[in-house]
Chemist: 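Okay, here's the structure, questions in a sec.
Chain letters run A, B, ... following the sequence lines, proteins first, then strands; residues in each count from 1.
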Amino acid sequence: MTLFADYQYLNIRGKTHLVTKGPPVYGESTKNGWRAWDPSRSKLGSVITQDIDVGLSKNVKVLYLGAANGTTVSHVADVASIVYAVEFSPQPMRDLLNVARSRTNIIPLLKDARRPETYSHVVESNLDLLIQDVATRGQVKIALENKRFLSPTGKLFLVIKARSENVVTHPDLIFKSSIEDLSQEYAILKTKKLTSHHKDHLAIVAEPLPYK
Amino acid sequence: MGHECIENAWFCQTIPENTLSESLEIEEGSCISPHPWPSMAIECGYVSTTEEYYSRLYDSAFQAAQKSASDLTQTPDRQISHAIRTMDDYSRIENELTVRLSEWLGDYTGLSLDIPNSLETISIQSHHSRFHAHIFSLHNQLNSLSIEREKLALFIESEMSHIAPNLTQMAGPLLAARLISIAGSLEKLAKKPSGTLQVLGAENALFAHLRGRATSPKHGVIYTHEYISKTHPRLRGNAARALSGKLSIAARVDYYSGTLNPELHSDLLKKMDQIRSRGGNK
């Protein structure tokens, strides 16, 4: 546990938490400016606590699709240098704007992740990390369409929400076909089923394959 | 780096140093593929440092997101949804407090009288106990709640004929507002199939049915419409289908054209007469 790590584990009031450094957002426990990242509220946080490298480190530039209320975004912004936060729905955007008020490295965008051309004039190319956590059909298609923002050495962190894809199909079948479709343009590094806190979700870490 | 790319950049076609025009460009602009915008912005002299670039982008994007979010939530049909929900909350709370008041009065007077009579009984008592003031205060709160609820109902009635004239003519202002509030907006209601509109408000029954535990619901909130509640129970499913079919057409006309079309309503009248003439005793 080094003091200068981008994120680390810290004991706060008798419990070990994953923490990042920044102003508090949602009433999380804090200690000396470090704030607890609750894995039950954040899929990314849950994966990091399971010791999976998602490519989040100091000074990376991130495109975050499905930013929602900005809970996870706030932790990502504590570490990254710039976070383009895309959210489609106006109500969570209000909360996201509140988070962005205390973090000037969050660029809030009220855009549809299915249509990257509507924000390609704002979001820069060659980003280091694409985080995608959207609740809609066609999640793999979104990951493929947004590959254009990633640098060849960048990483994709994708959460497939089986229930958004199709409620009646068994989640495992959806995961299987999602991985197949994604493999056309990404090299899958790691997959992990999120069971404890986030039911029927599959986390995928992948690298973009070079364009043919 | 060709000029055709930089022309699409959010900072290119704007009035210099003007956050408003930049945020408009962020909202409405587009580009096929991304480019290294920060370095291009420095190259073309828009900003001199990367820090300055991100700081301008932050300001403009923040403003753009705020504006587009409020444009989407400040529509009249969303305000009406809040009004009708507030009205329903008022009546729920009113009922709860009325039960409380009547129980309190019963215990306090030891008589089983209705609320106005009990209040009269205790107000003519010469001896006022320390509970007295609180009982009257509760009663006053109840009165003002009911006045507020009526004001809201009048407001909804006057607004709805502008927001959705056809739907209001057919369903009445309160039911029309309730349908919009359950669907989320007039747009969402207009895009729903009539079979969905038919069971809006009966979600529990519908999902019980989909899980195979119950029969399918015949109607949701449209039950409050007299065409259904005053039709013989055996014909209600039929009536609900006819009504919801016409209501969804009305919602579509309201959303896409917004003008009143009296023919729609007379079609429904004819159809309902036809259904009701079959009687319920077959």
Chemist: If we ignore hydrogens and angles and just use 3.5 Å, is the side chain of A:E165 paired with the main-chain N or O of A:G138 as donor and acceptor?
Modeler: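 Yes; at least one donor-acceptor contact below 3.5 Å.
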Chemist: Check for a donor-acceptor pair, side chain of A:S46 on one end and backbone N or O of A:S42 on the other, with a separation under 3.5 Å.
Modeler: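 Not confirmed, A:S46 side chain does not pair with A:S42 backbone.
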Chemist: Is it the backbone or the side chain of A:R101 that comes under 4.5 Å from a heavy atom of chain B, or both, or neither?
Modeler: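 Both parts, backbone and side chain.
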Chemist: When only pairs under 4.5 Å are counted, which of A:S89, A:S125, A:P108 shares the most heavy-atom pairs with chain B?
Modeler: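 Max contact count across the listed options: A:S125.
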Chemist: Counting heavy-atom pairs under 4.5 Å to chain B, which of A:V123, A:L96, A:L127, A:T118 comes out on top?
Modeler: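 Top count of heavy-atom pairs under 4.5 Å with chain B: A:V123.
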Chemist: Checking A:I82 against chain B: side chain, backbone, both or neither under 4.5 Å from a heavy atom?
Modeler: side chain
Chemist: So do the side chains of A:V54 and A:K155 get within less than 4.5 Å of each other, counting heavy atoms only?
Modeler: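 When only atoms from C-beta onward are counted, A:K155 and A:V54 do not touch, as no gap falls below 4.5 Å.
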Chemist: Among all residues two or more places apart in sequence or in another chain, which pass the side-chain hydrogen bond (donor to acceptor under 3.5 Å, both in side chains) test with A:R103?
Modeler: A:D78
Chemist: Checking A:F88 against chain B: side chain, backbone, both or neither under 4.5 Å from a heavy atom?
Modeler: neither
Chemist: Any idea which of A:L110, A:N126, A:I107, A:V122 has the most non-hydrogen atom pairs under 4.5 angstrom with chain B?
Modeler: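 Heavy-atom pair counts peak at A:V122.
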Chemist: Could you tell me whether B:E187 and B:K191 have a side-chain N and a carboxylate O separated by less than 4.0 Å?
Modeler: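 B:K191 and B:E187: salt-bridged.
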